[in-house]
Amino acid sequence: MPSMLCTGSSISSPSMSPFSRAMDLALHQRRVHSPVVHGEFEHQPRSICSVVTPDPDLRHQHVQAFRPRAGQSCACRQMLPAMKLDPWPKRLEAPPAIGAASPRQDVAGTVGDIRSVSGFRFKKRDAGHDSKNVRSRLISRRVIPLSIVELTRKTDPLPAEGKHASPPVVGIGASAGGIDALNRFFGSMPADSGLAFVVVLHLDPRHHSELASLLGHRTAMPVADIVDGIRIEPNRVYVIVPDKSLRVEGDQLRLSEPAEPRGHRHPVDVFFVSLAEHRRERAIAIVLSGTGSNGTQGMKEVKASGGLAVVQDPATAQFDGMPRSALTAGVADYVTAPEKMPEILLRYARHGYMADPDGIAAKASGAQPVLDPVLALLRARSGHDFRNYKRGTLERRIHRRMGLANQGTLAEYADLLRSNPGEIVALVKDLMISVTGFFRDPEAWAALDEMVLAPLVAERDADAEIRIWVPACATGEEVYSLAMLVVERARAMHKTLNLKIFATDSQETNLAVARDGTYPAAAVSVISPERLRRFFDRLDGAYQIKKELRELIVFAAQNLLRDPPFSRLDLITCRNLLIYLDSEAQKRVVALFHFALREGGHLFLGNAETVGRHESLFDTVSKKWRIYRRLGPTRHDIVEFPLLGTHARLQHAEEPARPDTEPARAAEVARRALLDRYAPASVLIDQQGRILYFHGPTGDYLEQPPGEPTRDLLAMARDGLRPRLRAAVREATEKHNSVTISARVRQREAVRVVSVTVAPLATTQASAGLLLVSFAPESEPGATARAVPPASDREETENAASQRTLEEELKSIRAELQSTVEQMESANEELKAANEEVTSMNEELQSTNEELETSKEELQSYNEELHTINNQLQHKNQELENLADDQHNLLAGTEVATIFLDMEHRIKWFSPVSRELLDLVPSDIGRPLTHFAPKFDDPNLLHDVEMVLEKLTRNEAEISSAAGQWYLRRLIPYRARGNRIAGAVLTFTDITERKHAADAVDEARVYAEAIVETIRQPLLTLDAELRVQSANRAFYTLFQVPAKGTRNRQIYELGNGQWNIPALRKLFEDVLPENTVIEDFVVEHNFESLGRRIMLINARKLQRPGRPDLILVAIDDITVRSGAEAHRDVLISEMSHRVKNVLAAVQSIASQTLRQSGSLEGFKAAFNGRLHALASAHDLLVDEGWAGSDLRQLVRRTLEPYRAGDVGGRITVHGPKLILRAQAGVALTMILHELATNAAKYGALSTPHGTLDVNWQREDSGGRPQIRLRWIEAAGPPVKTPSRRGFGSKLIERSTTHELHGQATLDYREEGLHGELTFPWDESSPPGGSEG
Amino acid sequence: METGRDALAGLRILIVEDEFLVAMLVEEMLQNLRCEIVGPVSTLERAFATIRQNRLDGALLDANLNGKNSSPVADELSGHEVPFILVTGYGGHKGDPPVLKRAPRVRKPVNFDELADRMTEVFVRRPAER
């Protein structure tokens, strides 16, 4: 394990000096050239790690030492990144070293090992190697040296491994529309360009990318997806993979996890930045079609590092966002279509610049004279003087432009510049390019904030002024960073400060961008979200600094090297300008800064800059972060402005000569010696009388006056010299002649005569306006002044001599006075004129100022008003919103469809429910009502609306909808503020249910009424006072009461009081009050007109809530029914009686016949016969409705069976129709039957010849009618009297007597039976119906 | 009961019946019971006359004589303290006066045994109980 140089922990910090001295040694060896950027250490516990990073001027070492935690390795890994110095200029005299220390001897050799130092290659060297002194010294102090590490920058060309040095890398960034552009690009890119291509596209992290295969179809070069660590080789295309960040490191491509969340990534910028850093001049950045601003920031860095920037012409891009953003930022070297880009690249690549960026120096030794024409051209054409810029930077950048313009030599390029003004502009821009950003080196800004800004704001009173100047502000990011910090501090301390920030730059284009304050999203990605919110406005894809912040800053054009500075500043921030200037310019600028700051003001430089040789002027507040504080009073002498060319030249001349060649040295030495020997004491002055150079001993003639040091000749002139000298200088200047004067100079106590010659130098470009003032003592007797006057005998000569001298002096003084007076007068004149001018200007300015003040006041008051109005508006708005919400909810929540109409019937608003009635959508607002086909039937609607609008009345109607719903449609006027009519309000209330209920009620009523009118029962409705409220037709009809006089009259009064029935009274007055329902209450009454009626009454009390009770009375007239029932009862009993009688009769017949019959057969025949006769008699009666029977019918019927077959007519019947009483009819039938039967058995009818004649007639017997009926049989068999007497004759005789109440005579004559019946006949016999 | 029926022998019974056949039948039954038959009569007038002119032990009365209610006869009989039995074809009429309603009865067609029992009850026992 390599060992390292250590410092011991027992050595306290101040006594780091051995180590620092050791470092000095190492440093002086100048073996190493490059600084540490960062490295990784691993070392044992209880060892100390220290890192020394000297600053460029070798004066200070910044040393950090720490004790790593026990068991912790790599503590330095954490430490070293903090030491990162960026950017570190390439040529630096400060070597780096890393050391690790351990007090423990036993761990020697095992303490640590450098793992890697990114950005640099390193070579470890053993401690013992070149620094033996170091080693021994350190060992004596118990420091175990391990090694000194020599680090060289990686980017220095290494021994070539293989044929190719690292090829130039072309980074291509694109987004939307990129594939098309890439295809076009690669389509015309040859496969043998020697370039390596890296394609960075915005890829969807979720999907596998087919980009590599797509591009593979377009180019012969191998296309590969990037894997981490892949080596970059020429003539190959490398394609980014999704969801990874890509960087260049050395000759490898490295992939890593992206730090930002998706959506905030700028992969193209990230790649371009690493490309710029690692490939510098051999980097080419191309931005193709895409949206957003990705790539712009990165491209700026590429250009700043000397690379090439090419942008796709937006007109040829599908999406021009990214190209436009790059163009707007002014970073493009070429703008063209993708298929034309390969041509440009090839040309550029083959130019010497790419191959050897510094080759321009090699091309022409003594670069200075050759570069001069170019610089002079620039100065002449653009006004920018680059002579003070670092040569190396200038050379490289000019070389690059030569490469772009394809010019081989500087002379050719100078020609191009002469003929092409555009190239001049481009070159100036390139030379002045610098990369800047927000809070670049955030720790430095944090340090500034803490160490400078916080105390500054704290010590200032409220409303006090803070003046800050940011020269070379470029596009303004730093200025705004500073402004943000100050504003934040002021806010935190609750102070309002009068903040004045001056930001200057020599490029107007930069200032324009800075003033605008708009930056792409990538540029603000380092700013915290709170700051972003507080200070920025979000635009489309970009962010703009808020107006309040922008107004704090005054942007002005100013060339730091040429123009006067600002003054009385609290802080100057100038970062990363000095590194571009040569050291002379740097010194001048630092002096300028000193002058410009107030006492105690601060200076903030970039991480690679210091105040250089002017440490006397500044106190170091933070070495690390380059913060300085002005010391001492204003030094006018060190500040010169404006700087003239000759002066600059002379400055150069003042410089210690460059490494001298031997002959030059000798010449110089000789010259000096000659001057010293022979030349008189002289000074070189400029037109202002300032001494630029002292030669020889001028002490006799010039001395520094008390007070601030000065270089003014006349101020320095000793007594007696001044006036003459002044005159002489003036004369010499005016006349361009040498002027010699003599004067008397007081030198301490002696007075000498001195001769002074003022000679203007030959007018060359370098020496114009300069004068050489030479002094020489005059060899005059009076010149040798003696301190003590001699004896008195010399007094006379002395007096005379002194008088002469005095006279002469007086003369010359007078002359001087005269000329002085003249001078003064002319000066006065001039002053007066100037004064007048100034006064008048002042007046003008005053009045302008007043005007402005007034305007400002006016504006302020307007502002106030607007502010108030705005506030009011805000409140109103809020109110309105609330009200609208309320209204909306209110109206939307109702079930009532509401529509607002304006005066022209246009719909102003409608509630959602209205959609049931009209097909309305929100966009229908403003359309007239008539446009809509209503879903309801309302023919009068429009007319009603008109009416309401005209007459301001309300209007209601019931309308039905197509869906069968009913609505109450209401119209009322719409009253706006001040009771003004602005339209109408149309509402639809759903009354379907109500209507249906009402309809149902109506229907029910009609139904009930119909029933009431139809039924046959009389119905009455009475009120509680028994007054008739209504009666049906049946009542009127049945009880013959006229309808008219009925209503409202008491029931007792009806029909002439015929209803005044006690039973009825009883019903209504006694029964009904006790009960609600009465049924079958019988009332019998003899009505006058109707007669006797029996009625069944049903009565019911109808209780109605809130209304008087009603009594319903139903009357059932059962009179007829009763009668009919009674009648029926009688009939039934009659019938029953008769039937029983008949049965009894049958019983009798059976009994009698049985007695008579000899045999069963005989019984059967006789019984049947008699039964039949009986039935037949009843038939007859039935036919006549039991009213009676006709004698004629009776006879015929009885004899019917015997007439069958009687053709001859042997049976004759005649007699009138006579109705017999029912019972008589039956009796007679039985009698006739007996007679007939007998006749058929034994009598005339038993032979064919026998005859029968039955006749009867009505007779009168003693005033009473009777019937005599004769039965005459003849021509029958001989008659035998006794055998015929039996039941039959008995029946005949007795029946006649019993039933007919008559008499029967049976005379058995020979010829036949001769029977005679006589019985009374009641003419008025009523039919069978009877009472009882 | 023969014994009961024996008691009927010799009783003078009036038959009031308008239908001859029925009267004949009843007559026959009475003959079987060895009653002395008075009548039959078929009208109210004849009935009155017969009642007044004869000493009766009982009467068999048809409820309806030619459509008329026979209650007058019943009254008459009651007046003469002659027990009677209603010979009727129906149960009774609502409008019947109480004399008829209360009267013992025999239904038509007449059942001999029923008649005999009723007669025994009405003509023999009741009077005996009095």
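First the proteins, then the strands, lettered A, B, ... as listed; each starts at 1.
- Side-chain contact between A:S1148 and B:E27: absent, with no pair of heavy atoms (C-beta onward) separated by less than 4.5 Å.
- No more than 12 heavy atoms of other residues, nucleotides or ligands sit less than 6.0 Å from atom NE2 of A:H1172.
- Closest non-hydrogen pair, A:E1299 versus B:D18, comes out as CG-O, 3.3 Å.
- Residue B:F20 holds its CZ atom at 8.0 Å from OG1 of A:T1297, rounded to the nearest 0.5 Å.
- In the displayed structure, A:Q1303 atom CD is contacted under 6.0 Å by at most 12 heavy atoms of other residues, nucleotides or ligands.
- Contacts between B:V26 and chain A at a heavy-atom distance below 4.5 Å are absent for every atom of the residue.
- Looking at A:H1298, its side chain does come within 3.5 Å of a backbone N or O of B:E17 through a donor-acceptor pair.
- Counting only heavy atoms from C-beta outward, the side chains of B:E28 and A:Q1152 approach each other to under 4.5 Å.
- Across every non-hydrogen atom of B:T43 and A:H1301, the tightest pair is CG2-CE1, 3.2 Å.
- Using a 4.5 Å cut-off between heavy atoms, A:A1145 touches chain B through backbone and side chain atoms alike.
- Between the OG atom in A:S1295 and the CE atom in B:M24 there is a gap of 8.5 Å [rounded to 0.5 Å].
- Between B:L21 and A:M1230, the shortest heavy-atom distance links the atoms CD1-CE, 4.3 Å.
- Inter-residue side-chain proximity for A:V1146 and B:P109 is flagged as unmet; no heavy-atom pair is nearer than 4.5 Å.
- In terms of heavy atoms, B:L25 sits closest to A:A1144 at CD2-O, 3.7 Å.
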